[in-house]
Amino acid sequence: MLAPLAVPLAAAPWTGHDTRLITMVAVAIAVIVSLITLFDFHPFIALIAGSLVLGVGSGSELAKVVESFSTGMGDTLGSTGALIALGAILGKLLADSGGVDRIVDTIGSRSGPRVLPWSMALIAAIIGLPMFFEVGLVLLIPIIVVMAKRTHTPLVLLAVPALAGLGTLHAFVPPHPGPLVAVSALKADIGTTLGLGLVAAIPTVIVAGPLYAKFIARHVRTEAPAELVKALMTARETDGTQARTPGFGTSLGAIALPVVLMLAKSIADIAFPGDAWYNHVLDFLGTPLVAMFLAVLVAMAVFGWGLGRSKAEVRTIVTAGLPAVAGILLIVGAGGGFKQLIVDTGVADAIGKAAAEAHMPTLVLGWVLAVLIRLATGSATVATTAAAGIMAPMAAGAPPVEASLIALAVGAGSLFFSHVNDAGFWLSKEYFGMSVAQNIKTWSVLSTIVAVMGLAMSLLMYAVLV
């Protein structure tokens, strides 16, 4: 059983104005792409430009164009900005305390050569829960490179599972920016989305990670840059065990805490509905902002003061975690402004009519929209934000599970075929010493597998649960 067909939001037939709106959103996306790829504009600036093109070209009043963009940007940052900042702080505290290294070393030390790719996928998935893709990749690069050298394992065999774990979690589950925006726009339950995203992530990481790595490692041979290998090997050998670090359980618990709190809230709402005191407590503790805030407080105590750091040192670490996400916050906010214009100008209504006439299932429509915007802009977050904004009116009133599955399908589509307009493409290429062709065979194909598996899992869960 597939998701219901997308239905038009108005009974009126397709008009020339609808055609104009669809054309203008295509032009706006083309402007964004051109500014990013051809003129090397920052996505924040490009999104503002594209939003103005859409607003003016749709015939809206100029004052309302600015008002819509500002409202969308404010609403998006209001619902996700604090969570993104708290996630960055948590990641920084984990990294600087050695908690990440502890997780990696503990799991890696218990893995034989044949199990290493599976261990790397597990490590990446754990680290990928609270950390952004780029941050997680930078943290894992030393582990991947050093482990490949020490165990004489082909670099691709370890790199692909790591990329799969990080990329899948980034696209599928909160508190990552894209899924958070989708949850907010579609009025989905964050705990339900998190739970379904984790269920979908397990087979996706397995297929796109260790299984695909085993295949592609036979066809792509590469080595990390020699200077990087030398620097990393020296650093890990000389000072890898000198600093006082937290234990494995403690490190893992800090990552799991916000996830457990959010899931507990959703489970209690479903299994024990009512007005009891524990419902109120779990509703409060499971609110994403509260859950992440508590996790950061615990991390400050355990990874900061608990390891002998002074109050000033902990404050410095917390402060240092914020600049890295400033650009992400601006992009997310501008994406929200673009999304609001898509809604306010009537583009979402027009797309709803077109989708109904094409008889396209809602989940598939959300996925396709995210794929098209992803291919155009190169940003998973922008793709998720814009696609979720278009889908929001069509998902209004949907049951909680269906809304969460639409959010999951949109997130999956946002990772489709990463190529030259995506920063992640170049990070993978440079760190793992690949040519453009080699990186397309590994990272681009891997991201496509994740996107297709995400859609397949969304449809499967819809057939079972809805």
What one should report as the nearest heavy-atom pair of Ala398 and Ala403 is CB-N, 4.4 Å
NZ of Lys429 to OG of Ser444, rounded to nearest 0.5 Å, is 12.0 Å
**Request:** Check whether any side-chain N or O of Thr193 sits under 3.5 Å from a backbone N or O of Asp189 as a donor-acceptor pair, and report yes or no.
**Result:** yes
Taken to the nearest 0.5 Å, the spacing of Leu261 CG from Phe284 CZ works out to 10.5 Å
Side chain proximity check, Met300 to Val296, heavy atoms < 4.5 angstrom: yes
Taking the side chain as every heavy atom from C-beta outward, state whether Ile45 and Leu35 have any pair of such atoms under 4.5 Å apart.
no
Practice problem: Could you please spell out the steps behind the side chain to side chain contact (heavy atoms under 4.5 Å, CB included) verdict for Leu54 and Val65? | Solution: CA-CA 9 Å; Leu54 173 59; Val65 171; over 6 Å; no
**Asked** Taking side chain as C-beta onward, heavy atoms only, is Ser70 less than 4.5 Å from Val66?
**Response** yes
Smallest heavy-atom separation, Ser58 atom then Thr345 atom, equals OG-CG2, 3.3 Å
>> Does any part of the side chain of Ser418, heavy atoms only, come nearer than 4.5 Å to the side chain of Trp443, both counted from C-beta?
In response: yes
Are side-chain heavy atoms of Ile406 and Glu402 found at a separation under 4.5 Å?
yes
Distance col, row Leu86:CG vs Phe293:CZ, nearest 0.5 angstrom, shows 8.0 Å
Self-check item: Side-chain donor/acceptor of Thr192 to backbone N/O of Ala188, under 3.5 Å
Solution: no
(message) Could you tell me if the side chain of Asn439 sits less than 4.5 Å from the side chain of Phe432, heavy atoms only?
(response) no
To the nearest 0.5 Å, atom CD1 of Ile202 lies from atom OG1 of Thr168 at 11.5 Å
d(Leu460 CG, Leu455 CG) to nearest 0.5 Å is 11.0 Å
Across all chains, not counting sequence neighbours, the side chain to side chain contact (heavy atoms under 4.5 Å, CB included) partners of Ser68 are Gln340, Leu341, Asp344
- Passes side chain to side chain contact (heavy atoms under 4.5 Å, CB included), Leu257 versus Val298? Steps please. CA-CA 9 Å; Leu257 178 59; Val298 170; 3.9 Å; yes
Next on the checklist: Please check: side-chain N/O of Ser435 versus main-chain N/O of Gln438, any donor-acceptor pairing under 3.5 Å?
Outcome noted: yes
Q) Which is it for Phe303 and Asp96 under the side chain to side chain contact (heavy atoms under 4.5 Å, CB included) test, yes or no, and what are the steps along the way? A) CA-CA 8 Å; Phe303 302 138; Asp96 281 17; over 6 Å; no
His219 meets the ring-ring contact (aromatic ring centres under 6.0 Å, His included) criterion, sequence neighbours left out, with Phe215
Between Met461 and Leu196, the two heavy atoms sitting closest are CE-O, 3.7 Å
Tightest non-hydrogen contact, residues Ala451 and Trp367, listed as O-NE1, 3.0 Å
Rounded to the nearest 0.5 angstrom, the CE-CG distance for Met120 and Leu157 is 10.0 Å
Side-chain (Arg20) to main-chain (Gly57) donor-acceptor, under 3.5 angstrom:
yes
Original post:
Given Leu408 and Ser404, is the side chain to side chain contact (heavy atoms under 4.5 Å, CB included) satisfied, shown in steps?
Top reply: CA-CA 6 Å; Leu408 176 58; Ser404 293; over 6 Å; no
**Asked** Ser414 and Thr384: side-chain donor and acceptor closer than 3.5 Å?
**Response** yes
Heavy atoms of Thr222 and Val156 approach each other most closely as CG2-CG2, 3.5 Å
ask   = Is there a side-chain contact between Leu372 and Phe416 (heavy atoms, below 4.5 Å)?
value = no
Would you indicate whether the side-chain heavy atoms of Ile32 and Phe338 approach each other to under 4.5 Å? yes
Closest heavy-atom pair, Gly454 versus Thr204, reported as atoms and distance to 0.1 Å, is N-OG1, 4.3 Å
